[in-house]
Each structure stands twice: as C-alpha cells, then as structure tokens.
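In what follows, chains are A, B, ... by sequence order, proteins preceding strands, each numbered from 1.
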Amino acid sequence: EECGHISLSAPIVRLGDPVTASCIISQDCSLLDPEPQILWKLGAELQPGGRQQRLPDGTQKSTITLPHLNHSQAFLSCCLHWGSSLQVLDQAELRAGHPPATPSNLACFMNLTTNSLTCQWEPGPHTHLPTNFTLKSFRSRGNCQTQEDSIPDCVPEDGQSYCSIPRKHLLLYQNMVVQVQAENALGTSVSPQLCLDPMDVVKLEPPTLWATAPRQPGCLWPHWRPWKPSLFIHQKCQLRLRPQHEKTNWTQVATLPSSVLQHQLCGLPPDTAYALQMRCIRSPLPGHWSRWSPSLELRTAEQAPLVR
Amino acid sequence: EECGHISLSAPIVRLGDPVTASCIISQDCSLLDPEPQILWKLGAELQPGGRQQRLPDGTQKSTITLPHLNHSQAFLSCCLHWGSSLQVLDQAELRAGHPPATPSNLACFMNLTTNSLTCQWEPGPHTHLPTNFTLKSFRSRGNCQTQEDSIPDCVPEDGQSYCSIPRKHLLLYQNMVVQVQAENALGTSVSPQLCLDPMDVVKLEPPTLWATAPRQPGCLWPHWRPWKPSLFIHQKCQLRLRPQHEKTNWTQVATLPSSVLQHQLCGLPPDTAYALQMRCIRSPLPGHWSRWSPSLELRTAEQAPLVR
Amino acid sequence: PLDPASSLPLPQSFVLKCSEQVRKIQAEGSVLQEKLCATYQLCHPEELALLGHSLGIPQAPLSSCSSQALQLTGCLNQLQSGLFLYQGLLQALAGISPELSPTVDTLQLDVANFATTVWQQMEDLEVAPAVQPTQGTMPAFTSAFQRRAGGVLVASHLHRFLELVYRVLRHLAEP
C-alpha cells in the first residue's frame with residue numbers, strides 16, 4: 001500500500017491557472033508520529049499553505065492550492081519530517097500550457113517524382129504541451145460540398161509541419177478536401193478546409209535552357225526542354241532576359257506554349273552579354289508557376305564589318 | 001491450360017556449365033499446324049539444336065542443351081511460327097554463377113558508444129547470384145571449446161559486409177564464438193571461427209590532448225584526458241613528438257598509465273615548436289591500440305636572458 | 001580465521017576483469033542518478049529512505065567481505081547473490097520512463113554479466129553452491145514516482161555495495 005498518495009484537480013492546466021492537490025499519508029507511514037506535519041515542495045522549494053486534516057480512518061490529508069501554475073512542467077512533492085530529514089512520499093508531475101491555436105497557411109503541392117501530395121502548414125505558437133497534428137482528408141466532388149470516401153489520416157513525423165499523402169490514396173483529377181487538426185490535452189483545433197484537385201497543385205520544376213549560335217547579329221537563339229516528369233502536361237512558359245551582371249529589372253520577352261522548344265530573339269545590340277531565364281505553368285488547366293530556371297548566359301553576335 | 005511450358009534441368013547452374021531445357025506445346029496451341037516446328041531463342045538469338053518429338057498424347061516436345069551457359073542471367077524462350085511472326089509461348093530465366101567463396105578476414109570490435117559488437121569480413125569474389133551473408137555466434141567459455149546458448153543470427157543490410165550484434169545479446173567478459181556464413185543457390189561456405197571476449201576488442205578512441213604554459217625553458221607540459229566512454233577501462237598511453245612541420249620520424253617519449261593525466265617533458269631546445277600525439281590501449285587486460293590523437297602543437301619556452 | 005586469498009587461487013585476470021566491471025557499473029549507475037536528479041529533481045536518496053522502507057527495497061549483505069575478516073568463498077557467494085539481487089531490482093524498475101529505460105537496461109545487463117563472471121569463476125574453483133541463489137520477492141513499484149524513487153534508491157545502494165567490492169578486489173590485487 002502506498003506511503004503517501006497525491007491526487008490532482010487536473011494533471012494539465014492552462015498556463016497561469018490554479019492547481020489543487022491533496023496528499024493522503026497512510027497510517028503505517030505516519031505511525032512514527034501521530035500528528036505528522038505534511039509539507040509540500042514545488043520543485044525544490046517548500047510551498048506554504050497546505051491545509052491538513054485527520055480523516056475518520058486516522059489517515060492524515062493535506063490539501064494545497066497553487067494559485068497560478070506558471071511552469072510548463074514542475075514536480076509537486078508531498079513530504080514528511082522523519083528524524084532530521086525531509087522525506088518525499090509521493091511526487092506528481094504538473095504540466096501547464098495552451099490549447100492548440102488554429103493551424104494556418106495550409107498549402108499543398110503534388111510532387112511528380114515521389115507521386116505524393118505534400119501539405120504543409122503553420123503550427124501556431126508553442127503550446128508547451130505534447131501536441132499532435134494530423135492531416136485529415138477525404139475525397140469529394142464538384143466544389144467539395146459532399147464528403148465521399150475518407151482517406152487515411154496522415155501523421156507527420158515528430159515536430160514536423162508537413163505530411164505527404166501517398167499516391168495510392170489519391171484520386172487524381174477529382175477534388176478532395178484537406179484539413180489539418182491540432183490536438184493536445186487542453187483542446188483541439190482544425191484549420192480551414194482546402195478543396196483541391198492534386199493535379200491542379202502540381203509543383204513544376206523549371207525547364208532546361210540552352211542555346212545554339214545565333215544566326216544574325218543582335219539576335220539570340222535560346223532552346224529549352226520542359227521538366228521531364230511534366231512532359232505530359234501542357235504548359236505555357238515565360239522567357240525573360242536582362243543584360244548580364246546588371247541588377248536591372250528583367251524584361252519579359254515572350255510567353256510561349258511549352259511545345260514550342262526554341263525562340264529567336266532579335267533587335268538586341270550586337271556583341272552584348274545577356275542572362276536568360278524561363279518558367280512554366282500548367283496551361284490551360286490550372287496550376288502553379290514553376291521557379292525561374294537558373295540563368296543562361298548568352299552573347300549576341302558581333303556586327304559583321306561593313307565592306308566598302 | 002498453358003500454351004507452351006518450359007522445364008529446366010536446373011534454373012541455376014555454375015557459370016559455363018551446360019543447361020538442358022524442354023518445351024511442351026499443348027494441343028490447342030498447335031491446332032493451327034499439325035506439325036509445328038518449335039524454335040528456341042536465348043535472349044534475342046535463335047538457338048539451333050532443338051530435338052523435337054511427338055508425344056503419345058499428341059503434344060509436341062522439343063529438348064535443347066546449351067553446352068556452356070556463360071551469361072549470369074539470360075532468358076530462354078520457346079517459340080512457334082504463327083503466320084509470318086514468331087510467337088513466344090513460354091520463357092524461362094536462366095541464371096549462372098559461382099558458389100560463395102569462404103568469407104575471409106573476419107574481425108570484430110566492440111563499440112562503446114553504441115554498445116554493440118560490430119564484425120566485418122571480406123565477402124570474396126562476386127558470385128553473380130543473390131548471396132546471403134549471416135553472422136552466426138554463440139556464447140562459450142574458456143577457450144571456446146564448448147557451445148553454450150546461441151545468439152540470434154545477425155543479418156547485414158543488403159550488400160554490406162558488416163553486422164552489429166546489439167548489447168542485449170552480448171555476455172561481456174566471457175568468450176563467444178563468431179563466424180560468418182555465405183549462402184547462395186549453388187552452395188554454402190563458412191569463415192573460420194573467431195573466439196573473443198567483446199571487452200578484449202573494444203575500439204578505443206584516442207585521448208584528448210591539451211597543454212598549459214611550460215614552467216621551465218626547453219620543457220613542454222602536455223595534459224590529457226582519456227576518451228570519456230572508456231574512463232572505466234585502465235589503459236596505458238604512449239606519447240610521441242617531433243619538431244613541427246618536419247616530416248621526420250616521431251620520437252616516442254613516454255608510456256604512462258591513463259590515470260596519469262599530465263607529463264613534463266624537458267631537455268628540449270628552447271623556443272622550438274613541436275607536434276605531440278598520444279594513443280592508448282587497454283592495459284593490463286587485453287585490447288587494441290586506439291588511433292594516434294590529432295597533433296597538439298606546442299612551443300618550448302624561450303631561454304631566460306642571462307643578466308650580467 | 002582469515003581465509004587467505006592464496007588458499008583460493010584467484011586468477012589475476014579475474015580480479016582485473018571484476019575491477020573493470022565494477023568501474024563500468026558504477027559509471028553507469030552515476031549516469032542514472034544524474035538523470036533522475038536532472039529530470040525529476042530526485043537528487044538525495046536520504047529523502048526517500050522512508051519510502052524505500054515502506055516499499056521494502058532489500059539491501060545485499062557483504063559481511064564475509066569485510067577487510068578485517070575476509071572469508072573469500074563466502075565473499076564470492078555474497079557478491080554473486082548481491083549482484084543477482086540488484087539484477088532483479090533493476091528489472092523491477094522496468095517502465096521507469098522512456099528516457100531512463102535504456103540506461104536501466106544497460107545497467108541491468110552489466111550487473112547480470114558481472115554476476116555470470118563471478119558465478120563461472122566459482123564453478124571453475126568448484127566452490128559454487130549447488131543451486132543458483134534466488135532473488136527473493138521484489139518490491140512492487142506501483143506508480144511512476146515509485147519507479148523513479150526506486151531508481152534513486154537502487155542506484156545508491158548498488159553504488160555503496162560496489163564500493164565495498166572494489167576495496168576487496170584492490171586488496172586481492174595487491175601482490
């Protein structure tokens with residue numbers, strides 16, 4: 001049978017809230033001293049304010065209220081004097097924190113190489129308590145008014161704010177609803193729902209740019225190839241350029257369907273170095289722009305010497 | 001019922017050995033041509049030499065012997081002419097390789113940080129066949145003449161030639177027997193047995209060296225601390241030095257018990273830069289030398305100016 | 001009468017191995033005590049004596065190992081039984097906490113291995129009792145706090161037990 005036993009009003013409270021604890025000292029422990037004085041320690045500090053009473057069955061009970069628990073974690077000990085030392089008879093772990101804030105900025109993108117839908121979110125301020133995040137989703141139709149068969153919960157690795165739903169759970173080209181739930185001992189909160197078709201949020205990588213020698217002076221002859229895994233997706237691509245090594249603004253020179261794999265740029269000053277970049281987006285179907293490609297450095301051909 | 005069926009003398013043979021295969025064409029496949037000619041292909045090449053016969057039940061059977069299978073892997077196809085095309089009716093995978101050589105250079109060391117015994121070996125030449133290596137071990141006594149309780153097999157990760165036996169399977173300070181077995185479709189081989197006490201093969205890390213200002217000219221005052229996880233092991237340590245930046249031979253200046261944590265070196269030319277290194281070994285109990293520590297660069301004190 | 005060490009031919013390697021095992025276990029025991037203090041503020045075994053008393057945590061006798069009246073066979077017996085007892089006490093701490101379990105498991109394995117070293121040496125010297133000692137009834141730690149407090153007490157008792165053993169081993173190691 002336990003020597004001393006602490007029971008708590010609640011093991012986990014909101015930060016700053018009060019906590020009430022009581023400790024009952026069993027008879028065979030208090031035999032040494034008929035009226036043992038029960039003492040409380042929070043961490044290593046003695047806590048005044050314990051109200052002690054003798055129960056009908058002869059056991060001693062002390063109750064204490066900590067008005068504001070400001071530690072996210074602390075140990076409350078119930079003690080007795082025994083000879084010259086202070087004996088710890090029981091110890092309870094107190095935890096304090098906040099209920100989870102609503103997860104925000106939920107965003108998803110479809111990864112064509114891993115074939116999975118990765119969603120990420122902002123977890124919100126630290127709650128000081130173990131908080132579980134779960135990505136919940138279900139299949140839907142139209143604009144997500146109906147809930148069709150649900151998809152297994154996606155549980156992120158410890159401490160991470162993203163989760164990847166594997167291909168086998170995805171119904172491409174159909175809308176699905178995605179939502180992230182945060183839960184801890186003090187409550188639960190859910191993010192707003194996202195209604196999306198995984199293929200509308202494909203993460204495109206930029207095309208690969210290269211060039212062949214320009215045919216006329218003042219011209220550039222860039223070529224490109226869309227990112228290989230996205231070849232089946234019709235895209236449109238933007239081409240921009242600016243004089244090399246100058247941090248001037250980019251000039252957007254063309255918007256072309258991704259099936260066009262080269263483009264002649266003329267009317268540029270001869271023998272001048274330029275940096276070119278390209279990005280693409282799924283089109284006409286919805287999608288997100290890829291990043292801009294790394295710069296391709298090209299030089300326009302020199303002016304041919306005028307023969308008099 | 002299958003159209004055609006190949007059966008092999010053996011799916012896996014030694015490289016260069018012969019293989020015999022037979023192919024039976026069922027009636028409903030050969031209806032098109034009462035006397036269909038069965039053809040063999042190894043990979044994409046037609047193979048002459050098939051001996052064909054009509055079985056009592058009316059099915060056709062062709063048998064072929066490939067005198068020397070020199071591919072570690074090849075596909076043998078049983079085919080029929082059907083109209084203008086050659087029809088593949090069945091295909092068998094042929095594999096050829098070598099039985100495993102005896103694994104050699106089995107060596108083990110005890111890792112004090114992971115608390116596991118890691119053994120490594122030389123797998124021997126490539127066998128061209130899937131070959132499984134297993135580290136087998138059992139507890140023993142004395143000089144490993146007896147076999148006491150066995151230890152679960154340690155299966156290395158794919159393609160690796162080492163395996164770690166976790167602490168819970170180890171009986172420290174007692175001898176155990178370790179052996180590695182290699183096995184594939186063509187045979188099994190085992191390495192010679194190792195008889196060892198894990199604590200006699202501890203892998204020691206070198207001590208940490210530092211220094212305080214030398215007291216007299218021409219002296220150095222190196223200090224050291226044994227590698228923390230090995231503090232419980234009595235060791236002896238060797239100290240060596242050589243003039244800095246000179247690739248001359250090291251001079252061994254002291255062999256000291258690891259409990260001695262500093263050592264004054266004198267009789268050296270003043271104001272001279274030296275590199276010091278130290279290594280340790282379990283002693284007096286058996287063990288292996290640690291690597292030499294990284295060099296500690298020190299300079300002997302200058303000669304005090306003679307006051308006339 | 002003093003049972004001189006020489007009457008029982010203890011191999012030098014056995015004494016050296018036992019000394020190393022004592023140092024290894026004491027080092028691990030200190031790690032456990034440091035973690036219990038840092039994580040749960042249970043830093044003083046003397047604050048838990050009353051609880052230890054009520055839980056009935058036994059301590060292992062080493063009366064035959066006192067330097068004044070060293071009785072070697074009896075000492076080896078008590079050492080082996082004591083290690084066997086502490087092995088059981090450490091096992092009773094199972095589930096102490098996810099952070100401490102690895103340390104307790106390693107400690108328990110090392111104590112068990114040390115007990116085997118002693119037992120096999122007694123067998124080799126043909127002084128081993130016919131039957132392995134029994135651990136007796138182990139305390140039942142019924143709460144997380146009791147397992148932590150038990151951890152502090154067992155580590156502290158084990159440390160004192162091994163201090164005595166180390167003194168005997170040093171005495172035996174003297175040429």
Side-chain angles (χ1 to χ4, degrees), chain B residues 110-117 137-149 151-152 164-176 195-204 225-236 257-259 280-288, chain C residues 10-32 34 79-80 83 87 90-91 94 101-126 128 158-159 162-163 165-166 169-170 172-175:
Chain B
M110 181 71 184
N111 183 320
L112 286 185
T113 34
T114 60
N115 252 323
S116 59
L117 181 72
S137 54
F138 52 84
R139 294 183 181 174
S140 186
R141 284 182 73 151
N143 45 23
C144 291
Q145 296 314 315
T146 63
Q147 170 159 345
E148 312 238 333
D149 27 3
I151 291 169
S164 294
I165 302 173
R167 171 68 183 90
K168 63 185 180 212
H169 294 319
L170 299 174
L171 178 50
L172 303 185
Y173 298 93
Q174 297 297 328
N175 272 344
M176 63 188 285
C195 171
L196 56 86
D197 165 1
M199 290 308 292
D200 291 349
V201 290
V202 160
K203 171 129 183 50
L204 278 181
R225 191 182 43 252
W227 179 48
K228 193 167 185 234
S230 70
L231 282 175
F232 70 92
I233 295 177
H234 280 181
Q235 302 163 47
K236 72 178 178 191
S258 58
S259 47
C280 297
I281 188 171
R282 185 183 191 218
S283 172
L285 287 170
H288 293 311
Chain C
L10 277 183
Q12 189 61 6
S13 66
F14 169 74
V15 174
L16 288 170
K17 280 184 183 179
C18 288
S19 305
E20 189 174 278
Q21 288 186 267
V22 167
R23 294 192 299 270
K24 183 170 179 9
I25 294 167
Q26 283 189 315
E28 246 132 50
S30 310
V31 167
L32 177 61
E34 284 151 22
L79 167 55
Q80 212 276 329
L83 292 171
Q87 189 186 330
L90 288 164
Q91 263 163 341
S101 288
T103 306
V104 170
D105 293 346
T106 303
L107 195 51
Q108 194 239 314
L109 280 168
D110 281 350
V111 168
N113 288 180
F114 187 14
T116 303
T117 301
V118 175
W119 178 260
Q120 287 197 356
Q121 187 60 54
M122 289 164 75
E123 280 184 336
D124 294 349
L125 295 170
E126 286 152 9
L158 176 59
H159 191 85
L162 292 175
E163 279 300 314
V165 172
Y166 202 63
L169 292 168
R170 267 212 307 263
L172 295 174
E174 284 152 10

Check this for me, if you would: do B:D200 and C:K17 make a salt bridge, where the nitrogen-to-carboxylate-oxygen distance has to be below 4.0 angstrom?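 No salt bridge links B:D200 with C:K17.
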Could you pull out the closest heavy-atom pair between B:R167 and C:N113, with the gap in Å?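 B:R167 and C:N113 have their closest heavy atoms at NH2-OD1, 2.9 Å.
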Top residue by heavy-atom pair count (under 4.5 Å) with chain C, among B:L170, B:D197, B:I233?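 Looking at each option in turn, the highest pair count goes to B:I233.
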What's the spacing between B:E148 CD and C:Q120 CD if we round to 0.5 Å?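 Atom-to-atom, B:E148:CD and C:Q120:CD are 6.0 Å apart.
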What part of C:Q26 gets within 4.5 angstrom of chain B, counting heavy atoms only: side chain, backbone, both, or neither?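 For C:Q26, neither part sits under 4.5 Å from chain B.
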Which heavy-atom pair separates C:S13 from B:L285 by the least distance, and what is that distance?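 Looking at all heavy atoms of both residues, the closest pair is O-CD2, 4.2 Å.
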Around atom NZ of B:K203, are there more than 12 heavy atoms of other residues, nucleotides or ligands at under 6.0 Å?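 Count over threshold, so yes.
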CD1 on C:I25 to CZ on B:F232, rounded to 0.5 Å: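 If we round to the nearest 0.5 Å, B:F232:CZ and C:I25:CD1 are 10.0 Å apart.
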Supply the atom-to-atom distance C:T117 OG1 to B:M199 CE, rounded to the nearest 0.5 angstrom.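 Here the interatomic distance stands at 10.5 Å.
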Proximal component of C:D110, with respect to chain B [non-hydrogen, under 4.5 Å]: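 Both backbone and side chain.
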Kindly determine whether C:R23 and B:H234 satisfy side-chain contact (heavy atoms from CB on, under 4.5 Å), including the steps that lead there. CA-CA 10 Å; C:R23 294 192 299 270; B:H234 280 181; 3.4 Å; yes
